[in-house]
Amino acid sequence: MAGGGGGGGGCRRVRGPELRELLDSKRDVLFDCDGVIWNGEAAVAGAPEAVRLLKQRGKRVFFVTNNCTRPRGNYAHKFSRLGFSDVSEEDIFSSAYCSAAYLRDVARLSGKVFAIGCQGVLQELRDAGVDVVAEDSAEGPDTSIYDCPLDPDVRAVLVGYDEKFNFMKLAKACCYLRDSECLFLATDPDPWHPLRGGRVTPGSGSLTAALETASSRKATVIGKPSRFMFECIASQFDLDPAQSLMVGDRLETDILFGANCGLCTVLTLTGVSTMEQAQEYKDSEAPEKKDFVPDYVVESIADFSEALEDE
Amino acid sequence: MAVSKCSRLSGALVKQLLESVDSVLFDCDGVIWRGDQAIPGAPEVINLLKKSGKKVFFVTNNSTKTRKMYADKLGKLGFDASEEEVFGTAYCSAMYLKTVCRLQGKVYLIGSHAMRQELEAMCIQQVGVGPDPVSGGQSDWANVPLDPDVKAVLVGFDEHFSYMKLNRALQYLCDPECQFVGTNTDTRLPLEGGKAVPGTGCLLKSVETAAQRQAQVVGKPSNFMFECVADQFGLDPSKCLMVGDRLDTDIMLGSNCGLKTLLTLTGVSTVADAEAHQRSGCPHRQKMVPDYYVDSIAEILPALQG
C-alpha cells in the first residue's frame with residue numbers, strides 16, 4: 001500500500017495500521033511547519049512525539065517552510081522551546097535559507113542583491129555570504145521616490161515578507177529590474193499567512209505581485225510549490241522522491257509542491273486547508289487541479305504517533 | 001465615417017471627422033502634455049475646438065490631483081479649461097462610490113490627499129490617508145482596530161503605500177460585504193520632468209493578491225469614466241471623439257462606448273502596436289485599434305484654423 005507519488009491522489013483518510021504501513025514504506029519525511037507542527041507559539045498536540053517516533057524508526061525528518069521571518073537558528077530554538085528534543089538547524093529549510101542558497105550555488109551570483117525582506121531574509125543572505133543591499137528607511141532628505149540613487153553592483157532583486165515594505169523599496173527594485181540581466185527572485189508565493197484566531201496577514205506573494213506588475217517581469221519563486229526547496233534538500237541529503245513523504249496543511253502550497261517533486265503527499269487538517277476544499281479539487285474537471293489533491297489525509301500529525309505506538 | 005481603421009488622419013479627413021462630432025475627450029499625459037510641458041500646439045487645438053463650438057473634456061486615470069488642481073495646471077499651460085470639464089479618477093472614484101456602490105459609511109483609503117478632498121466634497125468620510133508605518137508584531141497587525149463604519153476600501157496612487165496599509169486593507173476586505181474599488185490599473189505613473197514610478201496598478205495588484213479578491217476598477221478602459229461625462233453633459237456617443245495615446249486604456253474605452261477614436265503618437269503606444277492588434281484575429285484586441293492616428297494633436301490645427 002505504498003502511496004503513489006506525484007499527486008493525482010486519492011484524498012484518502014488514513015490512521016492506525018494503514019498509516020503505519022505508509023510511514024514504514026518511506027525513508028524520509030518532509031514536514032511543513034505552520035499549521036502542521038505548530039500553530040503560532042503552540043506545538044500541535046502530539047507533534048513532538050510524532051517526530052521523535054519517526055526518528056526512532058530510522059526515518060530522516062526535514063522541515064520545509066515558506067515562512068521566511070526567521071533565520072534557521074531561530075527556528076531551531078523554537079523547536080526546542082516547543083518540546084522537540086532532537087531537531088537541528090541542518091534539518092530546517094526555510095524559503096529564506098533556500099533563496100540564499102540559490103543565489104550562492106545555483107545563480108552563483110557575483111555582485112549584490114537588492115533585498116526586500118525582513119530580518120529573517122537578510123540574515124540568511126548574510127550567513128550565506130551573499131552581498132546584500134537592503135533599502136534603508138533612514139535615507140537622506142534628498143532621497144524621494146522620484147529620485148533615488150542606485151547601487152551599480154546590484155545583479156539580483158529578492159523579494160520576501162517585509163513588514164517595512166514601502167513605495168520606495170518598490171520603486172528602487174523596479175529600477176534595478178529594468179536591466180533584463182538582473183535576476184528576479186521571490187522567497188515564496190503565499191498571498192497571505194494565517195495567524196491565530198482565524199486572522200490573516202499579507203504574505204510575500206502580495207509584495208511580489210506589486211513588483212511583478214511594476215516591472216512587467218515574472219519572479220523566479222524559490223518557495224513551495226516550486227521544486228527548488230526539494231532540490232536544495234536533495235543536494236545536501238540525497239533524497240529519493242519515491243521514498244519521501246510530504247506532510248502539509250495547504251493544498252496550493254504543500255500538496256502541489258509534493259506533486260511537482262514526485263512525492264507522496266499527506267494533508268493534515270490542523271491548518272489552512274479543509275477536507276471539503278481537497279474534495280473540491282478532486283471533483284474538478286480540470287486536469288491541473290489533480291495536483292492539488294493529497295494522496296492521504298490525517299486529522300493531525302498526532303495520528304502518526306498513534307499509528308507508530310500501536311504495535 | 002470610414003469603415004477601415006487605423007488610418008492616418010490627414011487632409012480633408014480632418015475637417016470631415018471634426019464636423020461629425022460635437023464633443024472631444026482628451027486623455028492628458030502623452031496627449032496634451034508631458035509632465036509639466038504642454039505638447040506644442042496642444043493649447044491652440046483645445047482653444048480653437050471650443051471656439052468652433054465643440055465641447056472639450058479631459059479624461060485621465062491619474063488620481064493624484066483634484067479637478068481644481070487639474071484646472072489650475074491646464075490654465076498654467078495655456079489651455080482654456082474649467083473644473084467641470086475635467087474627469088480624473090480622484091473625482092470619478094468618489095462619484096463611483098456614491099452612485100454605483102451607493103456607499104453608506106466610510107472608506108478605508110489608500111491614496112492621495114487629492115482623493116481625500118474629492119471624497120469629502122461628496123460627503124464621504126475616509127480613514128487611512130497619509131503615512132502609516134508598521135509597529136508592533138504580527139499578532140498586532142492582525143488585530144489592528146477596525147473602524148466599524150468602513151464599508152469600502154478604495155485604492156489609488158499612494159506614495160505612502162506600506163505593508164501596514166496593505167494589512168489594514170486586507171483586514172477590511174476579509175468581510176465580503178466590504179466593497180473593493182480601485183482607481184485604475186496603470187502600471188506606471190508619469191511624473192513631471194519625464195520620469196515615471198510604479199503606478200496604481202501595482203498597489204492594487206498587491207491588495208487584490210493579499211485579499212484574493214478583484215477590485216471594481218473605475219478608470220479607463222472601464223466605461224464609467226465616459227458615462228460620468230456623458231451623464232453630466234448629455235453626450236451622444238456617436239458624436240464624440242476620444243483622443244488618447246494608449247491603446248489599452250484610451251482607445252479601448254472609446255471602442256467600448258461607441259466613440260470615434262484617434263491615437264496620438266506623442267505618448268505610449270505606436271502605430272506598429274495598433275497594426276499588430278489589427279492583424280490579430282482576436283475580437284478583444286480589435287477594440288484597441290483606433291479609427292485614426294496622428295503624430296501629434298497639433299496636426300489638426302490647420303483644419304481648425306482654415
Side-chain angles (χ1 to χ4, degrees), chain A residues 34 39-41 67 69-70 116-120 137-138 144-148 159-175 177-178 186 189-217 252 272, chain B residues 35 64 110 112 131-144 146 155 157-175 182 184-213:
Chain A
D34 297 301
N39 272 306
E41 281 297 307
N67 191 320
T69 57
R70 302 168 202 242
I116 293 175
C118 54
Q119 267 309 109
S137 359
S144 73
I145 60 164
Y146 309 111
D147 185 18
C148 38
V159 53
Y161 183 86
D162 184 3
E163 75 278 12
K164 297 205 175 95
F165 184 80
N166 60 21
F167 196 95
M168 175 77 87
K169 296 187 182 197
L170 173 63
K172 270 198 161 170
C174 190
C175 288
L177 288 173
R178 278 207 209 110
D190 299 350
W192 49 267
H193 297 298
L195 294 179
R196 266 205 293 198
R199 305 299 292 265
V200 292
T201 190
S204 312
S206 60
L207 307 185
T208 306
L211 196 42
E212 286 184 330
T213 307
S215 63
S216 301
R217 290 180 59 171
E252 296 80 13
V272 170
Chain B
T64 64
I110 292 178
S112 56
D132 188 4
V134 77
S135 60
Q138 278 197 326
S139 54
D140 301 314
W141 311 331
N143 292 299
V144 287
L146 297 184
V155 180
F157 184 78
D158 186 354
E159 59 179 351
H160 297 294
F161 187 76
S162 66
Y163 184 84
M164 199 52 176
K165 291 191 166 200
L166 172 60
N167 176 55
R168 283 191 213 273
L170 169 60
Q171 302 309 328
Y172 282 118
L173 290 170
C174 283
D175 175 2
N184 60 303
T185 54
D186 299 59
T187 59
R188 309 281 281 152
L189 179 82
L191 298 177
E192 320 294 327
K195 290 188 174 177
V197 288
T200 307
C202 312
L203 311 185
L204 189 56
K205 209 35 175 215
S206 192
V207 180
E208 286 185 327
T209 303
Q212 295 285 286
R213 287 180 60 170

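All values reported here derive from a predicted model rather than from experimental measurement. Note on naming: letters A, B, ... go to the chains in the order of the sequence lines (proteins, then strands), and numbering restarts at 1 for each one.
B:T209 places none of its side-chain heavy atoms less than 4.5 Å from the side chain of A:T208.
With chain B as partner, the option from A:A210, A:A209, A:P202, A:P191 having the largest number of non-hydrogen pairs under 4.5 angstrom is A:P202.
One finds the CD atom of A:E212 at 13.0 Å from the OG1 atom of B:T187 (value rounded to the nearest 0.5 Å). The CG atom of A:L170 sits 12.0 Å away from atom OG of B:S162, with the distance rounded to the nearest 0.5 Å. How far CG of A:L207 is from OG of B:S206: 5.5 Å, rounded to the nearest 0.5 Å. In this structure, the separation between CG on A:N166 and CD on B:E159 is 11.0 Å, given to the nearest 0.5 Å.
Side-chain atoms of A:T201 and B:Y163 include a donor-acceptor pair closer than 3.5 Å.
Interface remark: B:Q171 contributes side-chain atoms only to the contact with chain A (heavy atom separation under 4.5 Å). For a residue to count as touching a neighbouring chain, one of its non-hydrogen atoms must lie under 4.5 Å from one of that chain's; by this rule B:D158 touches chain A with the backbone only. Within the 4.5 angstrom heavy-atom criterion, no atom of A:D190 approaches chain B.
Summarising the geometry of B:C174 relative to A:V200, their closest heavy-atom pair is SG-CG2, 3.7 Å, with the distance given to 0.1 Å. The minimum heavy-atom distance linking B:R188 with A:A214 is given by the pair CD-O, 4.2 Å.
Among B:L166, B:N167, B:V207, the one residue that satisfies the side-chain contact (heavy atoms from CB on, under 4.5 Å) test with A:S206 is B:L166.
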